[in-house]
Every structure is written in structure tokens, then in C-alpha cells.
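Data first, discussion second: the structure below is written as C-alpha cells.
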Number of protein chains: 2
Amino acid sequence: MTAPRLLDVAAAAGVSRATASRVLAGTPRNVDPELARRVEDAARELGYRTNHSARALRTGTTGTVGVVVPSLANPYFVQLADAIAQQVRAAGGQLVVSDAANSVEIEAEQIETLLGGRVDGLVVVPVSAAASGPAVRAAAKRAPLVLFDRWASGSGTVAVTLDNAAAMRLLLDHLDTLGRHRIALVAADQASSSGAERLAAFTEARGTGAATVLLPSFTTDAGRTAARRIAAQRNEIDAVVCGADVLAVGLVSTLQRSAVSVPGEIAVTGFDDTEILELLDPPITSIRHPLTAMAERTLTLLQAPARERAESVERFAPQLVVRASTDANA
Amino acid sequence: MTAPRLLDVAAAAGVSRATASRVLAGTPRNVDPELARRVEDAARELGYRTNHSARALRTGTTGTVGVVVPSLANPYFVQLADAIAQQVRAAGGQLVVSDAANSVEIEAEQIETLLGGRVDGLVVVPVSAAASGPAVRAAAKRAPLVLFDRWASGSGTVAVTLDNAAAMRLLLDHLDTLGRHRIALVAADQASSSGAERLAAFTEARGTGAATVLLPSFTTDAGRTAARRIAAQRNEIDAVVCGADVLAVGLVSTLQRSAVSVPGEIAVTGFDDTEILELLDPPITSIRHPLTAMAERTLTLLQAPARERAESVERFAPQLVVRASTDANA
DNA sequence: GCTCCTCGGGAGATCGATTTCCCACACTCT
DNA sequence: AGAGTGTGGGAAATCGATCTCCCGAGGAGC
């Protein structure tokens with residue numbers, strides 16, 4: 001029982017393959033309604049489904065967008081992929097998600113694979129601002145590619161990101177307003193553009209002398225490590241800004257177990273407004289990305305002529321979400 | 001600047017397309033090492049990448065596995081997809097993940113699309129035990145398909161799942177051992193086979209009279225609703241088994257805000273050992289699925305001859321993970 | 001009544017890689 | 001030396017859908 005082909009449908013309807021194709025693919029060409037009906041009936045009858053490889057080969061287009069994220073284990077990236085997915089689906093396309101396992105090499109490999117005629121365009125959340133550049137640049141020459149949430153230097157293409165500096169200022173102003181002036185930064189992953197920008201904005205606002213805990217990795221475990229260092233300095237610090245939600249989650253739960261009250265003694269903020277934050281006790285203040293708008297813009301750029309994707313960074317305005325981890329009355 | 005084709009590589013190396021193909025696709029045919037070297041050099045030089053659509057069309061095979069999950073917004077399903085992804089990658093394949101948006105119709109649509117020659121096989125976590133059957137059955141006739149984590153009746157194919165009844169018994173025994181005998185079940189989503197099995201196992205163990213809170217949806221918000229009902233019955237209940245982690249998360253945080261101590265007054269368990277559980281205070285006792293073994297078995301079945309995928313359900317042994325939400329000393 | 005257009009529809013080329021033949025050459029064995 | 005054998009490599013068919021031509025019929029205009 002082999003799958004029915006267009007030829008079979010055409011034969012059953014008593015027309016040529018060309019006509020059957022015109023009806024089923026909806027080519028802008030008038031076909032006698034009677035014939036169209038016969039073709040459609042035959043197709044339904046036989047359970048015909050157009051062969052994707054054949055169509056893609058002939059038309060040179062797949063109707064599929066590829067997304068490469070650093071890791072699907074991090075809910076933040078899942079959220080990003082999901083935002084893109086909704087836009088793609090709304091446009092009637094398919095989505096392929098690849099996981100780069102936080103490695104520039106695997107990232108390059110995934111990009112390569114997807115480019116072999118599997119996708120019409122690529123959305124990449126690059127692992128590293130410095131090291132992801134070359135692979136992205138090479139890929140951007142072969143297919144439309146837009147960076148999302150992070151940029152990579154020398155990428156040769158446009159990036160749709162959050163305005164991280166503005167976001168950092170929002171958080172610092174918020175804490176200042178609450179009378180918290182002795183603020184520490186807990187960050188990881190300076191390899192990513194967003195990590196670097198957040199750190200830079202913090203240093204610029206607070207000076208190089210400000211307390212900063214840099215962690216090797218971007219996990220809740222790292223957040224717990226940070227908690228121990230913060231707890232040790234509890235007398236000199238009254239607020240902590242975390243460069244990522246996962247860090248904040250680990251930090252808050254560990255601080256509380258060490259009997260450091262949040263926000264009583266130390267206020268804490270996250271950074272990406274992941275869904276978990278709301279569920280913790282206390283819920284954690286964070287920065288919300290305008291993901292829908294960002295994803296929409298990304299798809300627009302993907303479909304635009306190449307010249308609109310010249311290397312540049314577009315920054316979207318962040319939104320502060322105040323919760324009880326900074327302001328108990330929130 | 002069009003992409004280089006096999007023809008270009010062959011010309012550059014001074015051989016025929018056939019030979020170039022034999023070298024690059026690694027056909028089990030001897031080729032003069034000197035020619036092979038020339039072909040490989042030419043391919044590298046030109047930046048050649050085999051066109052996936054063309055290869056797929058000719059060979060009828062894509063090297064890609066599709067996964068359809070009910071929703072990517074639920075971290076549990078992301079975890080499942082990730083387990084499959086690792087196995088597929090280990091086998092040198094590609095993965096396409098689709099989201100069914102918790103709808104049987106969209107699920108059927110996604111399956112249809114993937115079957116149009118995009119994938120060699122399909123792994124489906126069905127939305128509904130009853131309603132997903134027909135679409136799955138039709139798909140299973142056209143391509144290898146294995147159900148994962150849940151089964152669907154009349155699916156005509158094999159399902160790799162957890163032994164939910166055994167898992168429920170593990171939880172109940174654990175609570176009994178701790179002296180908690182007045183146990184309530186908080187569940188949602190009886191449409192899924194796992195939801196139904198968990199409910200059935202609970203009822204069988206505790207009788208139909210046992211307290212049960214059935215929720216309309218499968219979200220943390222639903223868990224909060226449940227918390228209010230449980231709090232109202234706090235005098236008759238000393239433990240709650242949740243049919244899913246997301247419910248437990250919402251339940252615990254809301255109970256605590258209502259000044260009901262966990263586990264002091266009421267012990268709580270989750271069910272899928274999602275990563276968040278560990279981070280909450282208290283961390284929540286749950287059931288861990290042997291996901292790696294399950295994913296491995298799934299891939300094996302996918303590649304096996306059709307007769308090994310006769311409709312049946314394979315059940316894997318659950319593992320109890322005790323945390324402080326049931327046993328403060330854990 | 002005749003020519004010119006329009007419009008629907010079919011034959012065949014095409015996308016790029018794989019694979020089936022089959023041929024040419026070199027080498028061995030009698 | 002001639003026949004037999006084996007091996008590497010090329011020409012051409014093939015996968016299935018689309019798209020470019022081109023043809024025939026019917027209608028409009030003179």
C-alpha cells in the first residue's frame with residue numbers, strides 16, 4: 001500500500017497532473033469548477049497528501065522556519081521558541097526547533113543541517129556573542145537569518161533584542177525608590193550579549209566597586225552558590241539583582257533556608273519573567289520582554305529583502321513587573 | 001550566488017555526479033581513494049551541502065523524527081520531548097517538535113502535516129485517550145508511530161508509558177508509612193490516559209468515598225483553586241496526592257499563604273518530578289519517570305518492523321522521590 | 001464568414017541527489 | 001594469446017510535484 005501520488009489523483013479525476021496540481025496547490029489560474037470538484041473529491045477519497053520533499057525540491061521553498069536555541073532545558077528559551085512558534089503558525093508555516101546544547105560547535109552543526117534545504121529562514125538565539133559570529137555570518141549569506149534576544153558580533157545580520165540597559169536601569173531605579181541602595185549583581189554567562197549588556201549597565205550605574213558575583217553557569221544550582229556568598233555579606237547588601245530568573249529562583253530559596261528574609265533583609269529581582277516566578281514564595285520581581293512584538297518583528301524581517309537585515313541591533317522596551325520579592329505590598 | 005550542487009562538485013573534481021554521490025553519501029562501493037580525496041576537497045572548497053529535499057525525494061527517507069506533544073507551555077512535556085531529542089540525536093537524526101495546543105483537532109493537523117514526507121517516524125503524546133485514537137490510527141498506517149507517556153484507545157499502535165497504577169501505590173504506601181491515612185486526590189485532565197489511570201488507581205485503593213477534587217484544567221492556577229477547597233476541609237484531610245506537578249506547585253504555594261503548614265498539617269505530593277519541584281520551599285515529593293529508558297525503547301520500536309508495534313501498552317516502573325513536602329526530615 | 005483573442009488544460013521539462021544498469025579496463029588463469 | 005573475472009566509474013532513469021510552454025475551442029469584432 002504505497003502512498004497515493006498526484007498522478008493517482010489526476011487519473012482518478014480524469015485530468016492531467018498539471019490540472020490536479022493547479023487545483024490542490026491553489027495556483028492563481030482558473031480551473032473549471034466541475035473539474036476542481038472532481039480533483040478535490042478524488043484527493044479526499046484517496047487520502048492524498050502532497051509530498052513535502054517533492055514540492056520543496058521543485059519550488060525551492062519549504063514553508064518551514066528553523067529556530068536554534070542554546071538549550072531547551074532552560075524554560076526561558078522554551079518561552080522564546082514558543083513566541084516564535086505562535087507567529088509562524090499564524091502565518092501558516094511550520095517550525096523546527098533545535099537545541100544547541102550550550103555549545104558553539106553544536107550550534108554551528110545544527111545551523112548547517114537546517115540550511116541543507118530544510119528551512120526557508122532561520123531564527124537563532126546565539127550561544128555566544130563572540131564565538132557564534134562566524135557560523136551565523138556564513139549561514140546568513142545562504143538564507144534569511146535573524147538573531148533573536150541576543151546578538152553576535154560579526155554576524156552580518158540583524159538582531160531583535162531587549163533593551164537590556166534600559167531594563168537594568170528600571171530595576172535599579174525601582175530598588176532605589178524603595179530605599180535599597182546597597183545593591184549587588186549576581187550574573188552568569190557573560191559570553192552572551194544580553195549577559196554582557198546587563199553587567200555593563202550595572203557597572204556603569206553603580207561603578208566598578210559595586211558588589212558583583214559572577215557565576216560559571218546559568219542554572220539554579222549556580223543561584224544557590226551565589227546565595228551562600230550573598231549571605232556572607234548580608235550586612236553590606238540590601239538588594240540583589242539577578243541577571244537571569246533561574247539564578248533568582250535558586251538564590252531566593254537558598255537565602256530563605258539560611259534564614260535571610262526576602263524582601264525584609266534583602267530584596268531580590270530576576271530578569272526574564274519566566275512563569276515560575278509567580279509561584280514562588282515570595283513571587284519574584286522581574287523584567288518582562290515584549291515577546292509577541294519581538295517575534296512579530298522577527299518574522300517580518302525574515303521575510304523582508306536581504307538589505308533590511310543589514311547587521312544591526314533592534315532594542316525593544318522592557319517592562320518592570322513588581323512582585324513581593326522587592327516590595328512586600330505588591 | 002546560487003548554492004553549489006552535486007553537479008558542481010563533480011565538475012570541479014573532474015568526475016561524474018554518480019561518483020561524487022558515492023563518495024559523499026558513503027555508498028558501500030569502492031571508489032579510488034585519489035578520486036575520493038578530490039571530491040571531498042572540491043566539496044569543502046565550494047561549501048557544498050547536500051540538498052535535503054532532493055535526497056529525501058529520491059531515497060524516501062528523511063532522517064527526521066517528529067514529536068507531537070499536547071503543549072510546550074507545560075514543562076513536563078518539554079522534558080519528554082527533550083528525552084526523545086537526546087535519543088534521536090544520539091542516533092544521528094534530526095527532530096521536529098510540534099505543539100498540539102491541547103486540541104485534538106490541531107493535533108490531527110500537526111500529524112497530517114508531518115506525515116507529508118517530512119519525517120520517517122512519529123512519536124506522539126496524545127491529547128486525549130478517547131478522541132486522539134482515530135487520527136493516530138490513520139497515521140500509524142502510513143508511517144511508524146509510537147505513543148509516548150500516554151496511550152489512546154483504538155490507536156492501532158504501541159504505547160510506551162509509565163506504570164501509573166504502581167506509581168499511585170508508591171505514593172499512597174509512602175503516605176501510609178508516615179501515618180497519613182486521610183488522603184485526598186487532586187486531579188485534572190481525565191481525558192488523558194495517565195490522568196484516568198491515576199484516578200482509577202486512587203479510587204481502587206481508597207474506595208469511591210475518598211475525597212477527590214477534580215479540576216477542569218491542568219495548570220498551576222487550577223492548583224490554587226484546589227487549595228481553597230482543600231483548606232476548607234483541613235480537619236478531615238492530612239495528605240494530598242496531586243495528579244500532576246503543576247497542580248502541586250499551585251496547591252502548595254496557596255496553602256502556605258493560607259497558613260496551612262506543609263507538611264506539618266497536610267503533606268503534598270506531585271507526580272512527574274519536574275525540575276521546579278526541587279526549588280520550592282518545601283521541595284515536593286514526586287514520582288520520577290525512567291525517561292531515558294522509555295525514550296530508548298521508543299526509538300527502538302520506531303525502527304522495528306511494523307509487527308512489533310501492534311496495539312499494546314508497555315509500562316515502565318516509576319521511582320518515588322521523597323522530599324520535604326511529605327517528610328520534613330527528607 | 002473570417003480573423004483575432006482569450007482562456008482552460010495537457011505534454012513535457014525541471015528541481016538535485018541517488019541508484020541501476022552496463023561498459024571499459026586490467027589482471028589472472030589455462 | 002585468448003577467455004574469464006572483477007572492479008571502478010559513467011549514462012541515464014528515477015523520486016513526485018510544479019511550471020513553462022503551447023494547443024484547441026469558443027466567443028467577439030469587422
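Side-chain atoms are counted along with the backbone in the values below, which use heavy atoms only and exclude waters and symmetry mates. Chain letters run A, B, ... following the sequence lines, proteins first, then strands; residues in each count from 1. Since the structure is predicted, the reported quantities are computational estimates derived from the model, not experimental observations.
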Less than 6.0 Å separating the ring centroids of A:F148 and A:H289?
no
Can you find a side chain N or O atom of B:Y48 that sits less than 4.0 Å from OP1 or OP2 on C:dG16?
no
State whether the distance check finds a donor on one side and an acceptor on the other, under 3.5 Å, for side chain B:R22 versus base C:dT18.
no
Provide, to the nearest angstrom, the distance between the NE2 atom belonging to A:H52 and the C1' atom belonging to C:dC15.
14 Å
Quick one, B:P305 and B:E308 - any side-chain contact, counting heavy atoms below 4.5 Å?
yes
Quiz question: by atom type and distance under 3.5 Å, do the side chains of A:S132 and A:E107 form a donor-acceptor pair?
yes
At 4.0 Å (heavy atoms only), tell me whether A:L24 reaches a base, stays on the sugar-phosphate, or touches nothing.
nothing
Looking for any heavy atom pair under 4.0 Å, which part of the strands does B:S21 touch: base, sugar-phosphate only, or nothing?
base
Selection from D:dA17, D:dT18, C:dC15 that lies nearest to any side-chain heavy atom of A:L57:
C:dC15
Which residues pass the side-chain hydrogen bond (donor to acceptor under 3.5 Å, both in side chains) test with B:D99, sequence neighbours left out?
none
C:dG16 P sits how many Å from A:R118 CZ, rounded?
17 Å
Rounded to the Å, how far apart are A:D8 CG and D:dA17 C1'?
13 Å
Nearest of D:dA11, C:dA17, D:dG9 to any side-chain atom of B:N51?
C:dA17
Give the intermediate values and the outcome of side chain to side chain contact (heavy atoms under 4.5 Å, CB included) for residues B:R309 and B:L145.
CA-CA 8 Å; B:R309 286 191 302 276; B:L145 190 158; 5.9 Å; no
What's the closest nucleotide to the A:R58 side chain, out of D:dA13, D:dG16, D:dG10?
D:dG16
Strictly below 4.0 Å: does B:T59 bring a side-chain N or O up to OP1 or OP2 of C:dT18?
no
Can you tell me the distance, in whole Å, between the CZ atom of A:R5 and the P atom of D:dT14?
12 Å
Grab the CG-C1' distance between A:L6 and D:dT14 for me, whole Å please.
17 Å
Main-chain N/O of A:T298 paired with A:T300 side-chain donor or acceptor, under 3.5 Å:
no
Determine whether any donor atom in the side chain of A:R55 lies under 3.5 Å from an acceptor atom in the base of D:dT18, or the reverse, and answer yes or no.
no
Taking five pairs at each end, how big is the angle between the two axes of the helix from C:dG1-D:dC30 to C:dT30-D:dA1, to 10°?
50°
Report the distance from atom CG of A:L35 to atom C1' of C:dC7, rounded to the nearest whole Å.
13 Å
Does A:T50 place a side-chain N or O at less than 4.0 Å from the phosphate oxygens OP1/OP2 of D:dA17?
no
Do other residues, nucleotides or ligands put more than 12 heavy atoms under 6.0 Å from B:Q303 CD?
yes
Taking D:dA11, C:dG12, C:dG10 as options, the one with an atom nearest any side-chain atom of A:R17 is C:dG12
Donor-acceptor side-chain pairing of B:T157 and B:R137 below 3.5 angstrom:
no
Of the candidates C:dA17, C:dT18, D:dG16, the side chain of B:A25 sits closest to C:dT18
Rounded to the nearest Å, what distance is computed from the CD atom of residue A:E34 to the P atom of nucleotide C:dG8?
15 Å
